[in-house]
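A short worksheet on the structure shown next.
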Amino acid sequence: MKILSVNAGSSSLKFQLYEMPQEKILISGSMERIGVGNSFYTIKVNEEKIKKELELNNHEEAFETLVKELKANNVVDSLEDIKGIGHRVVQGGDYFDKSVVITDEVLSKIDELSSLAPLHNPAAITGIKAAKEVFKNAVQIAVFDTAFHQTMPKENYLYALPYSWYTNYKVRRYGAHGTSHKFVSQRMNEILGRNNTRLIICHIGNGASVSAVLNGKCINTSMGLTPNAGLIMGTRCGDIDASIIPYVMEKTGMNTREIDNALNKESGLLAISKKSSDSRDIEEGIASGDENCILAQKMYVRRIVDYVAKYYVEMGGCDAICFTAGIGENSMDTRRDIINELGVLGIKLDDSKNNVRGEERLISTEDSKVQCWIIPTNEELMIAKDTYELI
Ligand code: AMP
């Protein structure tokens, strides 16, 4: 069965077409600058990459172009071959604890939650509506980034704020990257051969979050109401003293939009290293003795270790720590720094096993008290799997 996995941004559309349940990728690609002029798309099919420039005025045109390419490349004979389309939706609030078939009611809930994800949910709606127009007979599924975290107990998702903020304005921890945390924890349990496990998943990329997964269910996660909580990220500050915000606003006269921009786009690794938000540049800086980069990395690692330690205690121990996403999969130095700091828990890195990028692998020693693994994430496949299962 052919399943299309879709991630729609306000001016972009990323997609992968899978043959399920074989999990075989038939075609993948992305369409950029939709509706803003000079649009183009890239497609990877049969190991070949194609790039074309074509004016795409809206997401419907993007899907129509995709269909033409699917036919031209003999990936499908007709539109009817595609039985399901899975859409990535960033914010599902507390309405959705799993992926669902998209009905009018689901669409209006996604719309209602737009104030919690103003950049992402409206874009997803645009993608869903366009896909419904073009693929009239396919089942449309919404896969929420927040759904996997809905199993958190109340003591972990509530903030100690005026209760009416929660009841009136839905202020609570929702978490993010749930599709990735779910994929990685499921894969880890598959490898361990059981579901009664205590896992700590470190999804560390440009955005970053840690989650505690007990017996296959998320019980805590570092991201909060928004994706700017928890870890230090490329340009996001993560956890801070909330009173810093009114203090700096009064001192500088910054408005809410400006302060939000500073916390999300001018903070994190970028602010401390004074150089870059990219961990490759930080590593280069460290190698040349750059003090700011050394400090940025120390702070970055410390925050991750804090969360790992916290979740270790919360779960009464841990069976495996998993590293995933851009930095988790590729940065040997960051993995080494984190695991070495966890030495007090009897966790030990095998340096030679750690010497790898982007490969599923055990990287701890045999006598390590907790196994450490690299598990490359695959959110697109998770979306396709959920879609296939629902159909
Ligand atoms: P993501 O958001 O998951 O795509 O991760 C992107 C981040 O991964 C980049 O900003 C880099 O900081 C990091 N990254 C990618 N490749 C490497 C690498 N070879 N070494 C260190 N960091 C890397």
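First listed ligand is number 1; within each ligand, the first listed atom is number 1. These numbers come from a predicted model, not from an experiment. Computed from heavy atoms alone, side chains included, the values below leave out hydrogens, waters and symmetry copies.
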Can you give me every donor-acceptor pair (side chain of residues 119-128, partner residue at least two apart or in another chain, under 3.5 Å) with its distance?
{"unit_1": "Asn121", "atom_1": "OD1", "unit_2": "Gln91", "atom_2": "N", "d": "3.1"}
{"unit_1": "Asn121", "atom_1": "ND2", "unit_2": "Gln91", "atom_2": "O", "d": "3.0"}
{"unit_1": "Asn121", "atom_1": "ND2", "unit_2": "Ile110", "atom_2": "O", "d": "3.1"}
{"unit_1": "Thr126", "atom_1": "OG1", "unit_2": "Pro122", "atom_2": "O", "d": "2.9"}

When you look for protein heavy atoms under 4.0 Å from ligand 1, which residues do they belong to?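 Correct list: Gly205, Asn206, Asp278, Ser279, Arg280, Glu283, Ala325, Gly326, Ile327, Asn330, Ser331, Arg357.
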Taking ring-ring contact (aromatic ring centres under 6.0 Å, His included) as the definition, give me every residue that meets it alongside Tyr95, ordered by chain and number, with sequence neighbours left out.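 By the ring-ring contact (aromatic ring centres under 6.0 Å, His included) rule, Tyr95 matches no residue at all.
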Is Asp386 salt-bridged to Lys182, going by a charged N under 4.0 Å from an acidic O? yes
Using 30° and 60° as the class boundaries, would you call the ring planes of His181 and His177 parallel, tilted or perpendicular?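 Tilted, since the angle between the ring planes falls between 30° and 60°.
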Can you confirm if the aromatic rings of Phe63 and Phe135 lie within a centre distance of less than 6.0 Å? yes
Could you work out, with side chain to side chain contact (heavy atoms under 4.5 Å, CB included) as the rule, every residue matching Lys251, not counting sequence neighbours? Tyr247
